[in-house]
Amino acid sequence: MTNDTPAAGAAPGPPAAKPTGPGTLITVAPTGAESQKSAVPALPVTLDELVTTAKECQAAGAAVIHVHIRDDRAQPTLDLARLTDTVAALRESTDLIVQLSTGGAVTDGFNARLAVLDAAPDACSLTCGTVNFGDEVFSNPWPFIRDLYARTKERGVVPEFELFDLGHVATLHRLLGDLGAPHGGHVHCDLVMGVPGGMPGDAATLVQAVSALPPGATWSATGIGRTTLPVMLAALSAGGHLRVGMEDTVSFARGRPVTGNAELVERAAALAELAQRPPLRPDQARALLGVNGRR
Ligand code: KMH
Ligand code: ZN
């Protein structure tokens, strides 16, 4: 038997997504578009709060920050001047890879979401399909996905493919088949699990989704709300990376609100250490994801 010969009993089918190596990429998603500051006082909504959180999260082990911003009334906005200032401020104060959300809020239009790339971030999220989102719909039709992906390639922005459902994995394959590899050459996905309307946040679903990813892709996972811990533990055991933050959960434990994003990153980093896959530094994360050095 050669190294290329599957062992007896090995599952047939395409090669699995790339093993994720010795380190763990930790992405922090500190704000999101759904929680209200009035209900969650620890949510970072001003630029100062965001920069402070970002610095704390980098110190705790994060390498990527997934950014949604708010306006003066703490409501979600895609205002381009604010986004541009935010990218500059995060670059000034941290080494984190700055990934802007192109998902925005469910109320944001497609043109405003496409224009996010004009703020010239290192990276952006790119959701690969429409999904029910609680009582709302997070709309991502194929022509929008295709336009956004083409634009990431033109602008030299590294996309992270957000997968809320197994059908989104099929669309990711279609996208890569039609338009080729992303800027930077590497495919990195984020499984967003446990959204009411999306795939459930459990180990069996995670394994199924990972087995369908393109060969060579790396992936992280995040579990919304009470699926945070099961998804994090399943992702670590399956060789994946982690996304945590107050976009995804505002409870640290049952009945105990999150006091700040850093404690969520600290918990993820401690579990990654326990798994003997310590957090990747931002420079290591840049190499993994194919993100350019600072422009
Ligand atoms: N706020 C959600 C509707 C993304 O950032 O790309 C979409 C979202 C995904 O958070
Ligand atoms: Zn987001």
Side-chain angles (χ1 to χ4, degrees), residues 17 27 29 31-35 66-69 75-78 83 99-118 121 123-155 157-180 182 187-202 204-214 217 219-228 231 243 245 247-249:
T27 297
T31 307
E34 282 72 40
S35 290
H66 168 81
V67 178
H68 292 252
I69 61 165
Q75 297 308 305
T77 178
L78 294 180
L83 284 170
Q99 179 195 92
L100 291 183
S101 167
T102 63
V106 290
T107 45
D108 286 318
F110 296 131
N111 287 339
R113 291 170 57 193
L114 289 170
V116 165
L117 298 192
D118 294 345
C124 70
S125 57
L126 193 163
T127 298
C128 292
T130 295
V131 63
N132 282 316
F133 199 81
D135 294 345
E136 321 273 358
V137 175
F138 177 32
S139 188
N140 295 282
W142 168 251
F144 170 72
I145 295 170
R146 203 176 190 287
D147 281 359
L148 178 55
Y149 186 49
R151 205 176 279 218
T152 63
K153 288 164 69 87
E154 284 163 21
R155 303 291 175 90
V157 176
V158 173
E160 177 182 273
F161 301 100
E162 310 294 326
L163 308 170
F164 287 66
D165 217 339
L166 290 180
H168 295 191
V169 184
T171 298
L172 170 61
H173 283 276
R174 180 181 177 193
L175 195 58
L176 298 174
D178 276 14
L179 295 186
V187 175
H188 182 72
C189 308
D190 181 42
L191 306 176
V192 184
M193 310 184 72
V195 169
M199 63 183 152
D202 58 44
T205 307
L206 181 139
V207 168
Q208 210 183 343
V210 169
S211 71
L213 295 179
W219 57 278
S220 59
T222 187
I224 303 301
R226 67 188 59 176
T227 71
T228 292
V231 168
R243 172 174 127 171
E247 173 165 347
D248 300 337
T249 185

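Predicted model only: the values in this text are computed from it and were never measured. Values reported hereafter were calculated over all heavy atoms of this structure, with side chains retained and with hydrogens, waters and symmetry mates removed.
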Is [X] reaching over with its side chain to a backbone N or O of [Y], donor-acceptor style, under 3.5 angstrom?
X	Y	value
T228	G223	yes
H188	V158	no
D108	A105	yes
Y149	L176	no

What pair of heavy atoms forms the shortest contact from [X] to [Y], and how long is it?
X	Y	answer
I224	T227	O-OG1, 2.8 Å
H173	L213	NE2-C, 4.0 Å
P121	L100	CB-CG, 3.6 Å
A212	V169	O-CG1, 3.3 Å
V231	A221	CG1-CB, 3.7 Å

Quick one: does [X]'s side chain get under 4.5 Å of [Y]'s, heavy atoms only?
X	Y	result
V131	M199	no
S125	H66	yes
P159	K153	no
F138	V192	no
E34	E136	no
L148	R113	no
F110	P141	yes
T102	L114	no

Which value, rounded to the nearest 0.5 Å, describes the distance between [X] atom [atom1] and [Y] atom [atom2]?
X	Y	atom1	atom2	answer
Q99	D190	CD	CG	7.5 Å
S101	E162	OG	CD	8.0 Å
C189	E160	SG	CD	8.0 Å
L83	I69	CG	CD1	4.0 Å

**Complete:** The residue among V187, T127, T171 that forms side-chain contact (heavy atoms from CB on, under 4.5 Å) with F161 is V187
**Message:** Which residue in the set T130, L191, L163, I145 passes side-chain contact (heavy atoms from CB on, under 4.5 Å) when paired with H168?
**Reply:**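 It is L163; the other options fail the test.
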**Message:** Could you check whether T222 and D248, counting side-chain N and O atoms only, form a donor-acceptor pair closer than 3.5 Å?
**Reply:**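 Yes, a side-chain donor-acceptor pair sits under 3.5 Å.
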